[in-house]
Amino acid sequence: MRAHPRLRAQRGAEMSEHVSDLGDGKNDDPLYRLRHSLAHVMAQAVLDMRPGSTRGFGPPIDTGFYYDFVLSEPITAEDFPEIEKRMKRIIKGRQKFEREDLPIADALARLEEMREPYKVEYARELAEKNGLDTLSFYTNGPFVDMCEGPHVDVTSRLPKGAFKVRSVAGAYWRGDERNQMMTRLYTWAYTSKEELEEAVRRHDEALRRDHKKLGPALDIYHIDDEVGKGLPLWLPNGTAIRDELEKVAKEKEFRGGYQRVVTPHVTKANLYHLSGHLPYYEDVMYPPMVVEEQEGDEKVVKEKYYLKPMNCPHHHRIFAARKRSYRDLPIRLAEYGTVYRFEHHGALSGLLRVRGMSMNDAHIYCTEEQIHDEFLAVMQMHKEYFELLGITDYYMRLSLWDPEDPKGKQKYVDNPQAWERTEKLVREAMLEADLPFVEVKGEAAFYGPKVDIQITTVTGREETFSTNQLDFAVPQADRMNLTYVGADGAEHHPYIIHRAPLGTHERFVAYLIEHFGGAFPTWLAPVQVRIIPVSEKYLAYGDKLATALRNDLVRVELDSSDEKLGKKIREGTVRKIPILLVVGEQEQEAESVTVRRYGEKEQASMPFTQFSGELGEEIRSRVMRRKPGI
RNA sequence: GCCCACGUAGCUCAGUAGGUAGAGCACCUCCUUGGUAAGGAGGAGGUCACCGGUUCAAAUCCGGUCGUGGGCUCCA
């Protein structure tokens with residue numbers, strides 16, 4: 001389950017010491033200085049070209065920097081060469097960067113005079129919130145900016161050929177859609193031309209792995225205008241991948257003591273009032289289906305049904321449907337449930353952000369004493385999935401509430417003791433699971449702390465792909481009022497762990513496509529084996545093998561096209577099919593096959609029975625023969 | 001939703017200054033029966049996203065709609 005956009009605030013507020021490789025220390029980094037200084041140079045160039053424009057933020061980022069402006073006249077990609085030309089001229093101009101510290105009042109006066117309302121706003125905030133009594137300014141040539149620094153000492157130290165204006169985009173002032181829309185210019189920036197070229201090359205390379213390209217190309221999914229935005233159609237190849245993932249999940253959950261349930265796609269409105277979701281989630285839900293009845297002259301609303309945006313309330317009703325004893329706990333209810341969310345039109349993107357998605361969902365109802373073991377088991381399940389799929393490029397985020405958040409009362413259930421207790425329990429489980437994580441305040445769910453697993457897509461965007469939440473609030477009397485009878489004969493409210501290690505099929509498959517570059521391990525590949533007869537004469541033999549493999553539940557295709565062998569090999573390789581079997585006269589006579597594996601140079605001939613035995617074992621044990629890659 | 005760009009055959013793209021459309025791949029047919037990354041010939045396929053406007057004439061110019069892509073805190 002993703003955080004509500006409104007609540008997705010205050011990134012990186014506080015990092016814990018559990019961080020291994022996420023250290024910042026960026027202010028001392030020469031590259032940081034370079035990018036930061038170059039940002040000033042670009043701002044100078046842009047303000048020259050568009051007099052009367054005002055500035056927002058202009059920070060260094062992983063690939064260079066960006067700068068936000070409210071422009072007097074729009075800038076498009078056609079203006080990039082001009083910007084670059086002017087930047088180079090400024091660099092050549094040997095402008096010195098000079099720092100100056102002004103008392104707050106003087107700083108504000110200067111910013112007012114510069115007609116920089118956004119800088120004024122931020123300066124006020126720095127003074128008030130952070131209690132600064134001076135603010136620093138940097139001047140280079142005719143350009144002045146309020147800035148913490150540090151910078152290079154003179155513009156001529158900046159490399160002229162190692163940056164490139166990349167793109168222009170819209171961005172709200174401080175990321176809030178209620179604020180002014182600014183124009184953001186992204187720029188690549190490195191220390192040398194070679195590094196820049198290498199970065200651009202890597203970027204282009206990554207784009208080739210983009211699931212939005214590979215997904216349709218490999219017939220995994222299709223998005224059709226007539227069906228609707230964000231509502232992908234899963235083609236046979238994509239469905240095979242989903243089915244395999246579900247198979248793994250069902251096995252793991254079965255062994256982990258989960259029980260499977262199935263719940264409907266639509267539900268009466270009141271359930272979401274009970275759960276507390278409707279008031280809070282309504283703008284992400286599809287509009288309701290309204291049942292009306294004619295009463296006299298008037299139409300009266302009898303019922304409202306919503307497409308379900310999450311599975312939890314349904315599972316809670318299953319829990320509540322019977323009297324529960326402490327002896328029954330923990331109860332673990334699992335479902336690959338399909339949910340629908342009316343995400344912002346502009347936020348939709350391939351399989352990554354959709355409006356209908358199937359979650360690897362489950363809810364664990366347990367006592368406080370059981371939380372530790374249950375949470376630990378969930379995290380260990382994550383570990384197993386990551387090992388199975390060779391996933392290493394992720395980090396875990398322990399998302400906590402923020403007691404200092406001014407809007408805390410609306411954002412979080414008001415129960416400080418419960419927050420402190422549950423956060424401690426989750427932290428302990430994480431430490432015991434021995435998984436590195438960072439702690440971030442202000443990212444919790446409204447009902448409790450959670451652990452989010454963050455991944456970075458090939459295009460460099462960070463996404464949450466799975467989350468595990470501890471919920472102490474929803475079972476309480478004022479919400480779903482879930483209870484069990486304790487050993488003492490009295491009723492108690494259980495705790496709930498919401499967990500979805502594989503996230504949603506949509507996002508997970510998008511990630512896997514990019515992770516594997518479309519070349520899936522055999523067990524997961526939509527087509528596992530393609531049989532290629534050397535010529536038409538051996539079609540019958542190929543067909544015989546295909547039938548035998550299909551009988552063993554192998555996803556196999558027979559290439560019966562009237563093409564030359566080389567062409568058929570190429571076709572199979574382009575489709576990234578893990579195993580191509582070449583069969584001709586020799587193979588037919590020996591009842592053998594020649595095995596050609598994707599990405600492997602060596603090919604081997606062996607008796608067909610040996611091949612099918614080894615293949616069966618490879619699929620059953622879900623081994624990964626190659627490192628993820630293209 | 002908002003900012004910018006884009007929308008020509010299933011896919012990738014060309015179409016110069018408004019004069020009713022073209023390539024490669026894929027698809028179909030025929031020839032070829034070929035041992036490891038594209039054999040040859042022919043054919044079919046488009047209301048140039050949709051709606052409206054300007055014009056003798058619109059893929060091309062203008063407006064709107066729909067869709068796609070890049071963005072929308074990595075915080076002086």
Side-chain angles (χ1 to χ4, degrees), chain A residues 5 8-13 22 24 26 32 35-36 39-40 55-66 68 70-71 74-78 107 111 116 118-123 125-126 130 132 135-138 145-149 166-186 207 210 212-213 216-217 219 222-226 228-229 283 342-350 459-462 532-539 561-574 580 582-587 594 596 601 603 605:
Chain A
R8 202 181 294 139
Q10 288 187 301
R11 272 280 168 81
L22 288 160
D24 55 357
K26 51 191 178 185
Y32 179 92
R35 286 171 169 165
H36 203 155
H40 283 222
R55 290 171 255 178
F57 293 138
I61 56 174
D62 282 350
T63 54
F65 61 90
Y66 67 77
D68 289 341
V70 176
L71 295 170
I75 273 181
T76 69
E78 284 163 27
L111 291 170
E116 292 290 354
Y118 299 100
K119 297 274 176 184
V120 170
E121 181 187 319
Y122 191 62
E125 194 181 307
L126 283 175
N130 299 16
L132 299 184
L135 290 170
S136 56
F137 284 75
Y138 274 85
D145 204 358
M146 177 177 80
C147 178
E148 189 181 26
R166 172 160 56 133
S167 62
V168 53
Y172 296 103
W173 168 238
R174 317 206 74 177
D176 189 326
E177 63 185 12
R178 287 165 301 196
N179 289 343
Q180 166 84 40
M181 172 61 70
M182 303 180 128
T183 303
R184 174 170 298 177
L185 286 166
Y186 282 95
L207 288 185
D210 190 338
K212 292 192 289 293
K213 279 245 173 285
D219 290 327
H222 168 70
I223 291 179
D224 194 293
D225 288 358
E226 300 299 334
K229 299 189 59 159
D283 52 341
F342 202 70
E343 296 284 352
H344 273 173
H345 162 277
L348 301 176
S349 175
T459 46
R461 208 166 9 179
E462 180 179 319
I532 301 181
V534 168
S535 85
E536 208 177 352
K537 287 188 219 147
Y538 313 104
L539 252 178
S561 67
D562 179 22
E563 297 290 350
K564 298 192 85 158
L565 181 60
K567 177 71 177 286
K568 291 195 267 197
I569 298 277
R570 182 183 149 79
E571 292 292 310
T573 307
V574 166
L580 302 180
V582 178
V583 294
E585 190 169 358
Q586 300 149 33
E587 287 80 4
T594 295
R596 194 183 205 280
K601 281 255 150 57
Q603 45 178 27
S605 292

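In what follows, every chain begins at residue 1, and chains take the letters A, B, ... in the order their sequences are listed. The figures here come from the full heavy-atom set of this structure, side chains too, leaving out hydrogens, waters and symmetry mates.
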Tell me: [atom1] of [X] to [atom2] of [N], nearest whole Å?
X	N	atom1	atom2	answer
A:Tyr66	B:C74	OH	P	6 Å
A:Leu71	B:G71	CG	P	19 Å
A:Lys537	B:U32	NZ	C1'	13 Å
A:Ile532	B:U33	CD1	C1'	16 Å
A:Glu563	B:U32	CD	C1'	11 Å
A:Phe65	B:A76	CZ	C1'	16 Å
A:Phe57	B:C74	CZ	C1'	12 Å
A:Lys564	B:A37	NZ	P	12 Å

Looking only at the side chain of [X] (C-beta and beyond, no hydrogens), which of the listed nucleotides [options] gets closest?
X	options	value
A:Ile61	B:A26, B:C74, B:G34	B:C74
A:Ser535	B:G1, B:G35, B:G34	B:G34
A:Glu177	B:G1, B:A37, B:C74	B:G1
A:Thr573	B:A76, B:G34, B:A37	B:A37
A:Met181	B:U68, B:A38, B:C3	B:C3
A:Arg570	B:A38, B:G34, B:U36	B:A38
A:Gln603	B:U36, B:G34, B:A76	B:U36
A:Lys229	B:C72, B:U68, B:G35	B:U68
A:Val534	B:G34, B:A26, B:U36	B:G34
A:Leu565	B:G34, B:A38, B:U36	B:U36

Could you check which nucleotide pairs with [N] in any of the strands shown, counting Watson-Crick or G-U wobble with both distances under 3.5 Å?
N	result
B:G69	B:C4
B:A14	none
B:C74	none
B:A58	none
B:C50	B:G64
B:U29	B:A41

Taking the same atom, [atom1], in [N] and in [M], what whole-Å distance lies between them?
N	M	atom1	value
B:G45	B:G22	C1'	13 Å
B:G46	B:A37	P	37 Å
B:G69	B:C13	P	14 Å
B:C11	B:U68	P	14 Å
B:U29	B:A5	C1'	43 Å
B:U16	B:C30	C1'	39 Å
B:G18	B:A9	C1'	23 Å
B:U60	B:C25	P	29 Å

Quick one: label [X] by what it contacts on the DNA or RNA (base, sugar-phosphate, nothing), any heavy atom closer than 4.0 Å.
X	value
A:Thr76	sugar-phosphate
A:Tyr138	nothing
A:Ile75	nothing
A:Arg184	sugar-phosphate
A:Gly346	base
A:Asp562	base
A:Lys568	nothing
A:Ala347	base

> Side chain of A:Glu116, backbone of A:Arg55: donor and acceptor closer than 3.5 Å?
Replying inline: yes
>> Could you check whether any side-chain N or O of A:Arg570 sits under 3.5 Å from a backbone N or O of A:Leu565, counting only pairs where one atom can act as donor and the other as acceptor?
In response: no
Short side-chain N/O contact from [X] to OP1 or OP2 of [N], under 4.0 Å:
X	N	result
A:Lys567	B:A26	yes
A:Tyr186	B:C3	no
A:His344	B:C72	no

>> Under the criterion side-chain contact (heavy atoms from CB on, under 4.5 Å), I'd like the reasoning laid out for A:Tyr138 against A:Met146: C-alpha separation, chi angles, the key distance, then a yes or no.
In response: CA-CA 6 Å; A:Tyr138 274 85; A:Met146 177 177 80; over 6 Å; no
>> Would you say A:Thr594 and A:Glu587 are linked by a side-chain donor-acceptor pair, where the criterion is simply a distance under 3.5 Å?
In response: yes
> Can you find a side-chain donor-acceptor pair between A:Arg174 and A:Tyr172 that sits under 3.5 Å?
Replying inline: no
>> On the side chain of A:Tyr172, is there an atom forming a donor-acceptor pair with the base of B:G71 - under 3.5 Å, no angle test?
In response: no
>> Would the base of B:G35 count as contacting A:Glu587 through its side chain, where contact means a donor and an acceptor less than 3.5 Å apart?
In response: yes
>> By nearest heavy atom, map A:Glu585 and A:Met182 onto RNA chain B; which one lands nearer the 5' end?
In response: A:Met182
> How do A:Asp176 and A:Arg596 order along RNA chain B: which one's closest nucleotide is nearer the 5' end?
Replying inline: A:Arg596
> Of the options A:Asp68, A:Leu71, A:Ile75, which is the one that meets A:Leu185 in a side-chain contact (heavy atoms from CB on, under 4.5 Å)?
Replying inline: A:Ile75
> Given side chains that start at C-beta, do those of A:Thr573 and A:Arg596 come closer than 4.5 Å, heavy atoms only?
Replying inline: yes
>> A side-chain contact here means heavy atoms from C-beta on lying under 4.5 Å apart; do A:Tyr66 and A:Ile61 qualify?
In response: yes
> Given A:Lys568 and A:Glu563, is the salt bridge (charged side-chain N to carboxylate O under 4.0 Å, His left out) satisfied, shown in steps?
Replying inline: CA-CA 6 Å; A:Lys568 291 195 267 197; A:Glu563 297 290 350; over 6 Å; no
>> With a 6.0 Å cut-off on the ring centroids, do A:Tyr122 and A:Phe57 count as close?
In response: yes
